[in-house]
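First comes the structure, then the notes that go with it.
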Amino acid sequence: MRPVDSTSQRRRSPFPGRPRDGSSGIMITEYAAQSALAELRGAAQPVTIGHAVISRGAEEHASFVSTGARRLLESVEHFTLVLACELVAAVRALRLRDLVPAGDGELRDFYDRAADRLDPSVADRNLTEDVEVAAALLAGG
């Protein structure tokens, strides 16, 4: 990372946003990420913990493969949301400090792609579109 000269240093906000009263920075995005993590914890429970008694008690197990597959797909969506929120937060934090990743490797390339696609404003605003853009970027779009 490269620091900018001290004349551009700003008062730091407790949230990644411009410091001013009532500014929440990315707080709502943090709620979205935590909600997705809660869903991931729930989806991580094995679907075979339970069992089904079927055929009038003749069989005591039924395959839960379809439920497991559905939970896996849902987990990918939730994990993508977590990563997208983290990407928005990281780019925003770097912008607020006037920093960019050093060098010319994969990290810098990815940062440049993200910075080009994400709204450059660090104003307190709805970040839904930013998270959607970040999720598309993470999916390779």
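All of these numbers come straight from a predicted model, not from anything done at the bench. For the single chain, residues carry numbers from 1 onward in sequence order. The figures here come from the full heavy-atom set of this structure, side chains too, leaving out hydrogens, waters and symmetry mates.
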Could you check whether any side-chain heavy atom of V100 comes within less than 4.5 Å of a side-chain heavy atom of L94, counting everything from C-beta outward?
no
Is the closest side-chain heavy-atom distance between F110 and L138 below 4.5 Å?
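The answer is yes; the side chains approach within 4.5 Å.
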To check you understand the geometry: which heavy-atom pair defines the closest contact between I26 and A89, and what is its length?
CD1-CB, 3.4 Å
Only counting residues at least two apart or in another chain, list the ones meeting side-chain contact (heavy atoms from CB on, under 4.5 Å) with F79.
L40, L83
Can you name the residues that form a side-chain contact (heavy atoms from CB on, under 4.5 Å) with A135, not counting sequence neighbours?
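Result, side-chain contact (heavy atoms from CB on, under 4.5 Å) vs A135: T80, A84.
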Using the side chain to side chain donor-acceptor pair (under 3.5 Å) rule, collect all pairs that involve residues 69-78, keeping only residues at least two apart or in two chains.
none
Is the CG atom of D104 crowded by more than 12 outside heavy atoms at less than 6.0 Å?
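No, not enclosed.
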Would you check if the side chain of R92 reaches a backbone N or O of V122 as a donor-acceptor pair within less than 3.5 Å?
yes
Those residues that, when tested against [X], pass side-chain hydrogen bond (donor to acceptor under 3.5 Å, both in side chains) (two or more places apart):
{"X": "T128", "value": "N126"}
{"X": "R125", "value": "D130"}
{"X": "D112", "value": "R108"}

Report the distance from atom CG of L127 to atom CD of E30, rounding to the nearest 0.5 Å.
10.5 Å
